[in-house]
Amino acid sequence: MEEKFQDRYFHTTDSNPEFLKDVEKLSRSIPHMCFQCGTCTGSCPSAPRSSYRIRKFVRRAVLGLEKESLTDPDLWLCTTCYSCTDRCPRDIAPTDVIMAMRNLAFKWDIVPRNFLKTIQLIYNTGHGVPNNDVNRAARVKLGLEAEPETTHKYPEYLPGIRKIMDHYHMKENADRILSEGEH
């Protein structure tokens, strides 16, 4: 009986007990404390408009369902608004759990193409959605400067952004993964 209680987590043949440890280490959170109350999913602005259920990902982490978690396209639906983290009654940071899973997915080259293209845009312009003539005209019409207080107005900061991205090989990996998909 004592042996049964040594492993306090349920694992199946397709689960990886190290997955929870990896997620906890990267997220600096405690998903094993989740009791599946659903507050995170109920707080999520993406949940009513999609199939995204953050508590499902937290549960998968606890169960060690690495492959199921990292290959689920819904992993990328989180907008990182932190509503779930703000409201979690157990002080878990579900958003950080999702971000940890995304980082693990990136190690396996499991990243949606639109995210990879966003990395390229940020590297080239400093923005995931660069300013354009329509936005500039709208900003001027609203009494704002055509360029926001970002790298569009201060392009001298773009090399700093690129240096950070180069340190983590983000652009290099995005280019590589996207080119492999073109064959």
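These values consider heavy atoms only, across backbone and side chains, with no hydrogens, waters or symmetry-generated copies.
Donor-acceptor pairing under 3.5 Å is lacking for the side chains of H152 and T125. Side chains of N173 and Y168: no donor on one and acceptor on the other come within 3.5 Å.
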Donor-acceptor pairs under 3.5 angstrom involving side-chain atoms of residues 88-97: please list them, not counting sequence neighbours.
from : atom 1 : to  : atom 2 : distance (Å)
R90  : NH1    : M33 : O      : 3.4
T95  : OG1    : T85 : OG1    : 3.2
D96  : OD1    : Y82 : OH     : 2.6

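For the side chain to side chain donor-acceptor pair (under 3.5 Å) test, no residue two or more places apart in sequence or in another chain qualifies with S83. Every residue was checked against the ring pair (Phe, Tyr, Trp, His ring centres under 6.0 Å) condition with Y154, not counting sequence neighbours, and none meets it.
Residue K171 places its NZ atom among more than 12 non-hydrogen atoms of other residues, nucleotides or ligands, all under 6.0 Å distant. Residue K25 places its NZ atom among 12 or fewer non-hydrogen atoms of other residues, nucleotides or ligands, all under 6.0 Å distant.
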### Message
Go through it in stages, so that I can follow the logic: the residues are R136 and D133, the test is salt bridge (charged side-chain N to carboxylate O under 4.0 Å, His left out), and I'd like the CA-CA distance, side-chain angles, deciding distance and then a yes or no.
### Response
CA-CA 5 Å; R136 286 184 189 97; D133 290 340; 3.1 Å; yes

#### Entry: Intermediate values then yes/no, side chain to side chain contact (heavy atoms under 4.5 Å, CB included), W108 and E66
CA-CA 11 Å; W108 291 96; E66 181 178 30; 4.1 Å; yes

### Message
Apply side chain to side chain contact (heavy atoms under 4.5 Å, CB included) to residues M99 and T80 and explain how you reach the verdict.
### Response
CA-CA 8 Å; M99 296 305 289; T80 65; 3.4 Å; yes

### Query
When you look at R102 and C78, which way does the side chain to side chain contact (heavy atoms under 4.5 Å, CB included) test go after all the steps?
CA-CA 10 Å; R102 286 181 180 176; C78 175; 3.3 Å; yes

#### Entry: From CA spacing to verdict: salt bridge (charged side-chain N to carboxylate O under 4.0 Å, His left out), E180, R176
CA-CA 6 Å; E180 290 172 356; R176 177 184 52 76; 3.4 Å; yes

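For K21 and E24, the salt-bridge test fails: no basic side-chain N is under 4.0 Å from an acidic carboxylate O.
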